[in-house]
Amino acid sequence: MTDAMRTAPCWDQHKPSERLRGRKILVTGAASGIGRRTAEVFALEGASLALFDRSAAALQQVAETTGGSAYGVDVTDEAATMKAAERAAAAMGGIDGIVNAAGIVVSGPVGEVDAATYQRVLNVNLLGPYIVVRACLNWLQAAPFATIVNIASGQGLLPNAPNMTAYAASKGGVVTLTRALAAELAPTIRVNSVCPGIVDTPMTAGLPLSVAPYALKRVASPLEIAQVILFLTGNESAFMTGAAIAVDGGRTFH
C-alpha cells in the first residue's frame with residue numbers, strides 16, 4: 001500500500017462527548033484494526049468494555065489503554081464464548097451492546113482455496129457473530145436500548161473483486177444475518193451492519209490493493225469506520241435497524 005493510498009483527512013481524530021456513558025459493550029476482534037479503534041473511541045465516550053480476541057497479549061495492551069476487561073477467546077468456540085460472555089456480564093453488570101469486529105480475510109482463486117479454508121472464513125466471519133449474539137442474548141433482551149453492530153464489508157454488497165470469493169460470501173452472509181436478527185429481535189434490540197471498503201489495518205497489509213474503484217481514491221483509517229459504528233450504537237441512530245451502511249469511499253456506486 002503506497003503512502004498516497006494511506007492519505008487520511010485532516011479531521012481523522014475523535015472528539016469525545018460521552019455519548020456512551022453508562023453503556024456496557026462487548027467488542028470482538030478488539031486487539032487490532034477496526035475493533036481496537038472502536039474500543040478506544042467507545043472508552044473515550046464513557047462505555048464500560050469487554051474485549052474479546054484470540055490474541056491475548058495484544059488484547060491486554062488495548063485493555064490497559066481503554067480500561068476494558070480482556071478475554072482471550074476464539075469466537076468460533078461456542079462453549080468458550082458463552083463462558084467469556086458470562087464473565088463479562090458479571091464484570092460490567094450486564095451487556096447492552098455488541099460490536100462484532102472479529103474477522104479474517106483469505107485471498108485466492110476458487111481453484112486454490114480449498115473447502116477447509118473456505119469453511120474457516122465462514123466460521124470466523126459469519127458463525128462467530130451468531131455465536132456472540134447468542135451468548136449475550138439474555139442480557140441484551142434485559143436492556144432497554146440494546147444494540148448490535150456487525151462488521152460486514154463492501155464485498156458483501158458488491159462482490160466484484162477477483163480472488164475474494166470466500167470473504168465476499170461470508171460478508172454477504174453477515175449483511176443477511178444482520179437483517180434477519182433485526183427482524184427477529186425488534187423492537188427491543190437494534191441490529192445494523194457496517195460495510196467498509198479498504199481500511200488501513202494489519203488484515204489488509206498483505207493484500208494486493210488498488211484505489212481505482214474508489215471515488216475518494218484512498219483507503220479509510222480505522223477511526224473513520226469506528227465513527228460510524230459509534231453512530232449506530234448511540235441514540236442518534238435510534239430509528240435505524242436492519243441497515244447495511246456502506247462506508248467504502250464510493251466503491252459500491254463508482
Looking only at heavy atoms, which two atoms of Gly97 and Leu140 are closest? And how far apart?
N-CD2, 3.7 Å

Indicate yes or no: at least one non-hydrogen side-chain atom of Glu45 is less than 4.5 angstrom from one of Leu230.
yes

Would you kindly confirm whether Val228 and Ile25 end up in one hydrophobic cluster when ILVMFWY residues are joined by side chain heavy atoms under 4.5 Å apart?
yes

Does the side chain of Arg251 come under 3.5 Å of the side chain of Asn160 through a donor N or O and an acceptor N or O?
yes

Output yes when a side-chain donor or acceptor of Asn192 lies under 3.5 Å from a complementary backbone atom of Met240, and no otherwise.
yes

Applying side chain to side chain contact (heavy atoms under 4.5 Å, CB included) to Ile225 and Val194, what does each step give before you reach the verdict?
CA-CA 8 Å; Ile225 311 304; Val194 176; 4.0 Å; yes

Nearest heavy-atom neighbours spanning Ala102 and Val75
CB-CG2, 4.3 Å

Where the side chain of Asn123 meets the backbone of Leu127, is there a donor-acceptor pair that is under 3.5 Å apart?
no

d(Ile95 CD1, Ser48 OG) to nearest 0.5 Å is 11.5 Å

Pairwise distance CG(Asp74) to CZ(Phe52) - rounded to 0.5 angstrom:
11.5 Å

Can you check whether Phe231's main-chain N or O pairs, donor with acceptor, with Ser237's side chain at less than 3.5 Å?
yes

Do the charged groups of Glu86 and Lys83 touch, with an N to O distance under 4.0 Å?
no

Without swapping roles, check the side chain of Arg19 against the backbone of Thr233 for a donor-acceptor pair under 3.5 Å.
no

Do Val211 and Val105 land in one hydrophobic cluster if side-chain heavy atoms of ILVMFWY residues count as linked below 4.5 Å?
yes

Hey, are the side chains of Glu224 and Gln227 touching, using non-hydrogen atoms and a 4.5 Å cut-off?
no

Backbone of Pro196 reached by a side-chain donor or acceptor of Asp248 within 3.5 Å:
no

Smallest separation among heavy atoms of Ala182 and Thr241, with atom names
CB-OG1, 3.5 Å

Side chain proximity check, Cys195 to Val175, heavy atoms < 4.5 angstrom
yes

Is the shortest side-chain heavy-atom distance between Tyr71 and Leu51 below 4.5 Å?
no

Working to the nearest 0.5 Å, report the span between CG of Leu26 and OG1 of Thr81.
9.5 Å

Check for a donor-acceptor pair, side chain of Asn150 on one end and backbone N or O of Val99 on the other, with a separation under 3.5 Å.
no

Could you pull out the closest heavy-atom pair between Trp139 and Gly94, with the gap in Å?
CD1-CA, 4.1 Å

Keeping the roles fixed (side chain from Lys171, backbone from Gly154), state whether a donor-acceptor pair exists under 3.5 Å.
no

Would you say Lys217's side chain and Ala212's backbone share a donor-acceptor pair under 3.5 angstrom?
yes

Does the side chain of Thr38 come within less than 4.5 Å of Ile34's, by heavy atoms?
yes

Over all heavy atoms of both residues, which pair between Ser193 and Leu232 is shortest? Give the atoms and the distance, please.
O-CD1, 4.2 Å

Distance-minimising heavy-atom pair for Ala244 and Leu157
CB-CD2, 4.2 Å

Same cluster or not: are Leu223 and Val27 linked, directly or through other Ile, Leu, Val, Met, Phe, Trp or Tyr residues, by side-chain heavy atoms under 4.5 angstrom apart?
yes

Please assess Leu185 against Arg190 for the test side chain to side chain contact (heavy atoms under 4.5 Å, CB included), listing each intermediate value before the final yes or no.
CA-CA 7 Å; Leu185 301 179; Arg190 296 190 299 110; over 6 Å; no

Examine distances only and state if a side-chain atom of Thr178 and a backbone atom of Val174 form a donor-acceptor pair shorter than 3.5 Å.
yes

Would you indicate whether the side-chain heavy atoms of Leu49 and Phe42 approach each other to under 4.5 Å?
yes

Worked verdict on Asn125 versus Ile104 for side chain to side chain contact (heavy atoms under 4.5 Å, CB included)
CA-CA 7 Å; Asn125 293 355; Ile104 59 173; 3.9 Å; yes

Can you give me every donor-acceptor pair (side chain of residues 128-137, partner residue at least two apart or in another chain, under 3.5 Å) with its distance?
unit_1 : atom_1 : unit_2 : atom_2 : d
Arg134 : NH1    : Glu78  : OE2    : 2.4

To the closest 0.5 Å, what do you measure between CD (Glu40) and CG (Leu44)?
8.0 Å

Find the distance between OG1 (Thr147) and CD1 (Ile229) and round it off to the nearest 0.5 Å.
11.0 Å

Side chain proximity check, Ile198 to Arg218, heavy atoms < 4.5 angstrom
no

Taking Ile148 as the starting point, is it possible to reach Val73 by hopping between hydrophobic residues whose side chains are less than 4.5 Å apart?
yes

If you group Ile, Leu, Val, Met, Phe, Trp and Tyr by side-chain heavy-atom gaps below 4.5 Å, do Val149 and Leu177 land in one group?
no

Rounded distance [0.5 Å steps], OG in Ser69 versus CE in Met92:
7.5 Å

Donor-acceptor contact present, side-chain Ser170 to main-chain Leu126, <3.5 Å
no

Tell me, do Tyr167 and Ser107 make a side-chain contact under 4.5 Å, heavy atoms counted?
no

Side-chain ion pair, Asp96 and Arg23, N-O less than 4.0 Å
yes

